[in-house]
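Down below is the structure, laid out as C-alpha coordinates.
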Amino acid sequence: MDVRALETLRTVRSQGGVAAAAAVLHLTPSAVSQQLASLSREAGVALTERVGRGLRLTAAGDALADAAVEVAVAVERARAACSAFLDRPEGTVRVSAFQSGARLLLPPLLTRVATLGGITVECSDEDVALDDFPALTDRVDVVVAHRPDGAQWPASGLRVVPLLREPLDVAVPRDHPLAGRDRIAAGDLDDEDWIAVREGFPVATVLGAVATASGTAPRIVHRINDFSIAEALVAAGHGVSLLPRFTGGGHPGVRLVPLAGVRAGRTVDALLRPDTAERLVVRRVLDALVAVAAEASNAGR
(Lines give C-alpha, C1' and ligand atoms only; values in the text may rest on other atoms or scores of the structure.)
Protein backbone atom coordinates (compact mmCIF):
# COMPACT_ATOMS: atom_id res chain seq x y z
CA MET A 1 0.00 0.00 0.00
CA ASP A 2 1.08 3.55 -0.75
CA VAL A 3 2.51 5.18 2.37
CA ARG A 4 1.23 8.56 1.24
CA ALA A 5 -2.30 7.22 0.83
CA LEU A 6 -2.15 5.74 4.32
CA GLU A 7 -1.06 9.13 5.64
CA THR A 8 -4.03 10.70 3.85
CA LEU A 9 -6.42 8.23 5.45
CA ARG A 10 -5.23 8.94 9.00
CA THR A 11 -5.30 12.69 8.36
CA VAL A 12 -8.91 12.50 7.18
CA ARG A 13 -9.72 10.81 10.48
CA SER A 14 -7.81 13.23 12.70
CA GLN A 15 -9.08 16.33 10.87
CA GLY A 16 -12.65 15.09 10.68
CA GLY A 17 -13.17 15.31 6.93
CA VAL A 18 -11.77 15.50 3.41
CA ALA A 19 -11.65 19.30 3.08
CA ALA A 20 -9.80 19.82 6.37
CA ALA A 21 -7.38 17.00 5.55
CA ALA A 22 -6.73 18.46 2.11
CA ALA A 23 -5.81 21.81 3.66
CA VAL A 24 -3.32 20.17 6.03
CA LEU A 25 -1.80 17.98 3.31
CA HIS A 26 -1.68 20.82 0.75
CA LEU A 27 -3.80 18.80 -1.67
CA THR A 28 -7.11 19.42 -3.37
CA PRO A 29 -10.17 17.67 -1.90
CA SER A 30 -10.44 15.83 -5.20
CA ALA A 31 -6.90 14.46 -4.83
CA VAL A 32 -7.67 13.31 -1.29
CA SER A 33 -10.83 11.56 -2.47
CA GLN A 34 -8.92 9.85 -5.28
CA GLN A 35 -6.30 8.55 -2.85
CA LEU A 36 -9.01 7.21 -0.55
CA ALA A 37 -10.77 5.51 -3.46
CA SER A 38 -7.53 3.92 -4.66
CA LEU A 39 -6.71 2.72 -1.16
CA SER A 40 -10.20 1.28 -0.77
CA ARG A 41 -9.88 -0.65 -4.04
CA GLU A 42 -6.51 -2.00 -2.93
CA ALA A 43 -7.88 -3.00 0.48
CA GLY A 44 -10.91 -4.65 -1.09
CA VAL A 45 -13.29 -3.07 1.41
CA ALA A 46 -15.03 0.27 1.84
CA LEU A 47 -12.92 2.57 4.02
CA THR A 48 -15.28 5.56 4.08
CA GLU A 49 -19.00 6.19 4.07
CA ARG A 50 -21.21 9.20 3.45
CA VAL A 51 -22.81 10.95 6.42
CA GLY A 52 -25.00 13.81 5.25
CA ARG A 53 -22.75 15.99 3.11
CA GLY A 54 -19.62 14.72 4.82
CA LEU A 55 -17.51 11.59 4.95
CA ARG A 56 -16.41 9.39 7.84
CA LEU A 57 -14.29 6.28 8.14
CA THR A 58 -15.91 2.87 8.36
CA ALA A 59 -14.78 0.32 10.95
CA ALA A 60 -12.38 -1.03 8.33
CA GLY A 61 -11.13 2.49 7.65
CA ASP A 62 -10.52 3.06 11.35
CA ALA A 63 -8.59 -0.20 11.59
CA LEU A 64 -6.45 0.71 8.59
CA ALA A 65 -5.86 4.23 9.97
CA ASP A 66 -4.57 2.63 13.19
CA ALA A 67 -2.25 0.45 11.13
CA ALA A 68 -1.15 3.52 9.17
CA VAL A 69 0.14 5.04 12.42
CA GLU A 70 2.30 1.96 12.99
CA VAL A 71 3.62 2.17 9.43
CA ALA A 72 4.51 5.85 9.84
CA VAL A 73 6.26 5.16 13.16
CA ALA A 74 8.28 2.36 11.56
CA VAL A 75 9.35 4.62 8.68
CA GLU A 76 10.46 7.39 11.05
CA ARG A 77 12.34 4.91 13.23
CA ALA A 78 14.22 3.72 10.17
CA ARG A 79 15.12 7.30 9.29
CA ALA A 80 16.16 7.99 12.90
CA ALA A 81 18.39 4.92 12.87
CA CYS A 82 20.30 6.41 9.95
CA SER A 83 20.35 9.89 11.49
CA ALA A 84 21.89 8.49 14.67
CA PHE A 85 25.12 7.89 12.76
CA LEU A 86 25.42 11.58 11.89
CA ASP A 87 27.62 13.69 14.14
CA ARG A 88 25.03 16.44 14.08
CA PRO A 89 21.54 15.66 12.74
CA GLU A 90 20.05 18.52 10.79
CA GLY A 91 16.51 19.54 9.99
CA THR A 92 13.60 21.87 10.65
CA VAL A 93 11.19 21.37 13.54
CA ARG A 94 7.91 23.26 13.72
CA VAL A 95 6.76 24.22 17.22
CA SER A 96 3.52 25.93 18.18
CA ALA A 97 2.34 27.18 21.55
CA PHE A 98 -0.65 29.00 23.01
CA GLN A 99 0.13 32.67 23.58
CA SER A 100 1.17 32.83 27.23
CA GLY A 101 3.01 29.51 26.91
CA ALA A 102 4.81 30.84 23.87
CA ARG A 103 5.97 33.88 25.81
CA LEU A 104 7.25 31.70 28.64
CA LEU A 105 8.89 28.87 26.69
CA LEU A 106 9.74 29.81 23.12
CA PRO A 107 12.47 32.45 23.65
CA PRO A 108 14.62 30.21 25.91
CA LEU A 109 13.89 27.21 23.67
CA LEU A 110 15.26 29.00 20.61
CA THR A 111 18.32 30.08 22.59
CA ARG A 112 18.99 26.54 23.79
CA VAL A 113 18.45 24.90 20.39
CA ALA A 114 20.79 27.43 18.75
CA THR A 115 23.67 25.88 20.72
CA LEU A 116 22.98 22.46 19.19
CA GLY A 117 23.68 23.54 15.61
CA GLY A 118 22.05 22.16 12.50
CA ILE A 119 18.48 22.41 13.78
CA THR A 120 16.08 25.16 12.74
CA VAL A 121 12.98 25.76 14.86
CA GLU A 122 10.02 27.47 13.22
CA CYS A 123 7.61 28.89 15.82
CA SER A 124 3.96 29.86 15.67
CA ASP A 125 1.32 30.81 18.23
CA GLU A 126 -1.82 28.69 18.24
CA ASP A 127 -4.41 29.57 20.89
CA VAL A 128 -7.31 27.20 20.25
CA ALA A 129 -10.08 25.56 22.24
CA LEU A 130 -9.11 22.57 24.38
CA ASP A 131 -10.53 19.96 22.00
CA ASP A 132 -8.75 21.46 18.98
CA PHE A 133 -5.15 21.05 20.16
CA PRO A 134 -4.68 17.40 19.05
CA ALA A 135 -5.58 18.17 15.43
CA LEU A 136 -2.74 20.71 15.26
CA THR A 137 -0.22 17.85 15.34
CA ASP A 138 -1.04 17.06 11.71
CA ARG A 139 0.71 20.25 10.61
CA VAL A 140 3.00 21.11 13.56
CA ASP A 141 5.73 18.80 14.88
CA VAL A 142 5.50 19.82 18.54
CA VAL A 143 2.31 21.38 19.90
CA VAL A 144 2.62 23.06 23.29
CA ALA A 145 -0.90 22.82 24.72
CA HIS A 146 -2.58 23.42 28.07
CA ARG A 147 -5.42 21.71 29.93
CA PRO A 148 -7.13 22.45 33.24
CA ASP A 149 -6.30 20.43 36.35
CA GLY A 150 -7.91 17.01 36.16
CA ALA A 151 -8.65 17.09 32.42
CA GLN A 152 -7.11 14.54 30.07
CA TRP A 153 -6.43 14.61 26.36
CA PRO A 154 -8.71 12.37 24.28
CA ALA A 155 -7.44 8.90 23.44
CA SER A 156 -6.15 9.97 20.04
CA GLY A 157 -2.92 7.98 19.89
CA LEU A 158 -0.79 11.07 20.48
CA ARG A 159 2.48 11.16 22.38
CA VAL A 160 1.93 13.42 25.41
CA VAL A 161 4.98 14.80 27.22
CA PRO A 162 4.22 16.71 30.45
CA LEU A 163 6.13 20.00 30.70
CA LEU A 164 4.93 21.86 33.80
CA ARG A 165 1.97 22.77 35.99
CA GLU A 166 1.19 26.46 36.34
CA PRO A 167 -1.07 27.73 39.16
CA LEU A 168 -3.82 30.20 38.31
CA ASP A 169 -4.23 33.10 40.71
CA VAL A 170 -6.86 35.78 41.13
CA ALA A 171 -5.75 39.04 39.53
CA VAL A 172 -7.06 42.11 41.37
CA PRO A 173 -6.20 45.82 41.14
CA ARG A 174 -3.51 46.96 43.58
CA ASP A 175 -6.04 49.17 45.41
CA HIS A 176 -8.68 46.42 45.66
CA PRO A 177 -9.77 45.43 49.21
CA LEU A 178 -8.67 41.84 48.50
CA ALA A 179 -5.20 42.83 47.27
CA GLY A 180 -3.72 42.69 50.75
CA ARG A 181 -4.78 39.08 51.36
CA ASP A 182 -2.41 36.12 51.30
CA ARG A 183 -5.24 33.92 50.03
CA ILE A 184 -8.69 34.55 48.56
CA ALA A 185 -11.60 32.16 49.13
CA ALA A 186 -14.03 31.52 46.28
CA GLY A 187 -16.86 33.05 48.33
CA ASP A 188 -14.95 36.33 48.61
CA LEU A 189 -15.45 36.83 44.87
CA ASP A 190 -19.25 36.51 44.68
CA ASP A 191 -19.85 40.22 44.04
CA GLU A 192 -17.01 40.75 41.58
CA ASP A 193 -17.18 41.43 37.86
CA TRP A 194 -15.09 38.87 35.99
CA ILE A 195 -12.88 39.10 32.92
CA ALA A 196 -12.87 35.55 31.57
CA VAL A 197 -11.60 33.64 28.55
CA ARG A 198 -14.00 32.34 25.94
CA GLU A 199 -15.92 29.14 26.61
CA GLY A 200 -14.12 25.97 25.59
CA PHE A 201 -10.70 27.27 26.56
CA PRO A 202 -8.87 25.65 29.50
CA VAL A 203 -9.01 28.55 31.96
CA ALA A 204 -12.81 28.73 31.53
CA THR A 205 -13.04 25.30 33.16
CA VAL A 206 -11.05 26.52 36.17
CA LEU A 207 -13.39 29.48 36.62
CA GLY A 208 -16.21 26.94 36.63
CA ALA A 209 -14.52 25.20 39.57
CA VAL A 210 -14.40 28.52 41.42
CA ALA A 211 -18.12 28.97 40.82
CA THR A 212 -18.82 25.46 42.13
CA ALA A 213 -16.83 26.14 45.29
CA SER A 214 -18.63 29.41 45.99
CA GLY A 215 -22.08 28.25 44.92
CA THR A 216 -22.52 31.42 42.87
CA ALA A 217 -22.24 31.81 39.10
CA PRO A 218 -19.54 34.34 38.18
CA ARG A 219 -20.75 37.65 36.74
CA ILE A 220 -18.74 37.71 33.51
CA VAL A 221 -18.62 41.15 31.92
CA HIS A 222 -15.80 40.66 29.40
CA ARG A 223 -14.38 37.66 27.52
CA ILE A 224 -10.74 38.23 26.62
CA ASN A 225 -8.32 35.45 25.65
CA ASP A 226 -5.21 37.63 25.60
CA PHE A 227 -3.95 37.69 29.19
CA SER A 228 -2.03 40.94 28.70
CA ILE A 229 -5.29 42.69 27.74
CA ALA A 230 -7.14 41.07 30.63
CA GLU A 231 -4.41 42.26 32.97
CA ALA A 232 -4.68 45.83 31.67
CA LEU A 233 -8.46 45.77 32.24
CA VAL A 234 -7.94 44.49 35.79
CA ALA A 235 -5.41 47.25 36.49
CA ALA A 236 -7.94 49.83 35.27
CA GLY A 237 -10.54 48.50 37.70
CA HIS A 238 -12.88 46.82 35.21
CA GLY A 239 -13.04 43.44 36.95
CA VAL A 240 -10.99 40.58 38.35
CA SER A 241 -9.58 37.66 36.42
CA LEU A 242 -7.77 34.34 36.68
CA LEU A 243 -4.21 34.68 35.40
CA PRO A 244 -1.30 32.22 35.21
CA ARG A 245 1.28 32.75 37.93
CA PHE A 246 4.44 32.33 35.82
CA THR A 247 3.38 34.58 32.94
CA GLY A 248 0.87 36.95 34.56
CA GLY A 249 1.23 39.68 37.13
CA GLY A 250 3.67 41.80 35.17
CA HIS A 251 1.47 44.90 35.27
CA PRO A 252 2.40 47.24 38.16
CA GLY A 253 -1.28 47.91 38.84
CA VAL A 254 -2.17 44.24 39.37
CA ARG A 255 -1.57 41.81 42.21
CA LEU A 256 -1.93 38.03 41.87
CA VAL A 257 -3.41 36.36 44.95
CA PRO A 258 -3.61 32.54 45.29
CA LEU A 259 -7.03 30.90 45.69
CA ALA A 260 -7.87 29.03 48.89
CA GLY A 261 -9.92 25.84 48.78
CA VAL A 262 -9.79 25.44 44.99
CA ARG A 263 -7.10 23.60 43.06
CA ALA A 264 -6.72 26.20 40.35
CA GLY A 265 -4.11 25.53 37.72
CA ARG A 266 -3.33 24.24 34.28
CA THR A 267 -1.00 21.56 33.00
CA VAL A 268 1.19 22.36 30.02
CA ASP A 269 2.06 19.44 27.73
CA ALA A 270 3.84 18.83 24.46
CA LEU A 271 1.66 16.91 21.98
CA LEU A 272 3.24 14.99 19.08
CA ARG A 273 2.15 12.39 16.58
CA PRO A 274 3.91 9.11 17.42
CA ASP A 275 5.75 9.01 14.10
CA THR A 276 6.90 12.63 14.45
CA ALA A 277 8.23 11.81 17.92
CA GLU A 278 10.63 9.28 16.35
CA ARG A 279 12.49 11.90 14.32
CA LEU A 280 15.90 12.52 15.85
CA VAL A 281 15.83 16.30 15.35
CA VAL A 282 12.38 16.44 16.96
CA ARG A 283 13.65 14.45 19.93
CA ARG A 284 16.52 16.92 20.36
CA VAL A 285 14.11 19.87 20.34
CA LEU A 286 11.73 18.08 22.70
CA ASP A 287 14.57 17.41 25.15
CA ALA A 288 15.44 21.11 25.04
CA LEU A 289 11.79 22.05 25.60
CA VAL A 290 11.52 19.77 28.65
CA ALA A 291 14.66 21.36 30.11
CA VAL A 292 13.37 24.89 29.47
CA ALA A 293 10.02 24.05 31.08
CA ALA A 294 11.75 22.67 34.18
CA GLU A 295 13.74 25.90 34.52
CA ALA A 296 10.60 28.02 34.12
CA SER A 297 8.73 25.95 36.69
CA ASN A 298 11.54 26.19 39.24
CA ALA A 299 11.90 29.94 38.70
CA GLY A 300 8.18 30.51 39.12
CA ARG A 301 7.85 28.79 42.48
Side-chain angles (χ1 to χ4, degrees), residues 97-108 125-130 144-151 163-268 293 295-301:
F98 57 96
Q99 289 176 348
S100 56
R103 188 169 64 219
L104 179 69
L105 299 175
L106 294 188
D125 62 318
E126 296 281 358
D127 196 4
V128 299
L130 183 66
V144 178
H146 56 149
R147 55 186 168 88
D149 282 339
L163 296 177
L164 58 88
R165 179 187 180 272
E166 184 174 20
L168 293 170
D169 296 329
V170 182
V172 296
R174 284 279 178 182
D175 58 357
H176 193 283
L178 297 175
R181 301 273 192 92
D182 292 330
R183 291 281 190 277
I184 296 178
D188 295 331
L189 300 164
D190 288 348
D191 294 327
E192 300 294 337
D193 290 337
W194 279 93
I195 302 161
V197 299
R198 293 193 294 273
E199 288 291 349
F201 286 74
V203 179
T205 302
V206 180
L207 182 55
V210 174
T212 299
S214 70
T216 302
R219 188 169 63 243
I220 298 173
V221 295
H222 305 292
R223 288 200 178 272
I224 303 290
N225 270 34
D226 188 316
F227 288 141
S228 63
I229 298 175
E231 197 167 27
L233 292 177
V234 170
H238 297 299
V240 301
S241 188
L242 284 175
L243 292 181
R245 184 177 299 173
F246 302 161
T247 50
H251 196 291
V254 171
R255 182 163 186 263
L256 299 185
V257 185
L259 270 166
V262 179
R263 182 172 169 79
R266 62 180 181 181
T267 298
V268 180
E295 292 173 354
S297 182
N298 290 332
R301 287 182 179 142

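In this chain, residues are counted from 1 in sequence order.
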Could you check if a side-chain atom of D125 sits within less than 4.5 angstrom of a side-chain atom of L106, using non-hydrogen atoms only?
no

Is any side-chain heavy atom of P148 less than 4.5 Å from a side-chain heavy atom of R266?
no

Closest heavy-atom pair and its distance - A102, P107:
O-CD, 3.3 Å

CD of E295 to CG of L104: how many Å apart, nearest 0.5 Å?
11.0 Å

Test of understanding: with side-chain contact (heavy atoms from CB on, under 4.5 Å), list the residues that count as partners of A196, not counting sequence neighbours.
L207, I220, R223

Just jot down the side-chain contact (heavy atoms from CB on, under 4.5 Å) partners of A129, sequence neighbours excluded, or say none.
D132, F201

Mind checking what makes salt bridge (charged side-chain N to carboxylate O under 4.0 Å, His left out) contact with D193, not counting sequence neighbours?
R219

Considering only residues two or more places apart or on different chains, which pairs with a residue in residues 228-239 satisfy salt bridge (charged side-chain N to carboxylate O under 4.0 Å, His left out)?
none

Contacts of R103 meeting salt bridge (charged side-chain N to carboxylate O under 4.0 Å, His left out) (sequence neighbours excluded), chain-then-number -> none

Can you sort out the partners of N225 under side chain to side chain donor-acceptor pair (under 3.5 Å), two or more places apart, ordered by chain and number?
none

Would a 4.5 Å heavy-atom cut-off, applied to side chains only, mark L242 and L259 as touching?
yes

Separation of F227 CZ from D127 CG (nearest 0.5 Å):
7.5 Å

Sequence neighbours excluded - side-chain hydrogen bond (donor to acceptor under 3.5 Å, both in side chains) pairs with any residue from residues 241-253:
E166-T247, D169-R245

Do the side chains of P218 and L189 get nearer than 4.5 Å, heavy atoms only?
no

Strictly by salt bridge (charged side-chain N to carboxylate O under 4.0 Å, His left out), give each pair with a member in residues 183-192 just once, sequence neighbours left out.
R181-D188

For the backbone of A179 and the side chain of R255, can you confirm whether one donor and one acceptor N or O come within less than 3.5 Å of each other?
yes

With sequence neighbours excluded, what pairs up with R198 under the side chain to side chain donor-acceptor pair (under 3.5 Å) test?
none

Exactly one of I195, V203, L256 should register a side-chain contact (heavy atoms from CB on, under 4.5 Å) with L243. Which one does?
L256

Show, in sequence, the C-alpha distance, side-chain angles and deciding distance for T212 and V210, and conclude whether the side-chain contact (heavy atoms from CB on, under 4.5 Å) test is met.
CA-CA 5 Å; T212 299; V210 174; over 6 Å; no

Nearest non-hydrogen partners of G265 and V206, listed with the distance
O-CG2, 3.6 Å

Flag side-chain contact, heavy atom, 4.5 Å: F98 against V128:
no

Quick check: do V144 and L163 have side-chain heavy atoms less than 4.5 Å from each other?
yes

Across all chains, not counting sequence neighbours, the side-chain contact (heavy atoms from CB on, under 4.5 Å) partners of A213 are A186, V262

Qualifying residues under salt bridge (charged side-chain N to carboxylate O under 4.0 Å, His left out), relative to R147, sequence neighbours excluded:
D269

Listed partners of D149 passing side chain to side chain donor-acceptor pair (under 3.5 Å), at least two apart
R165

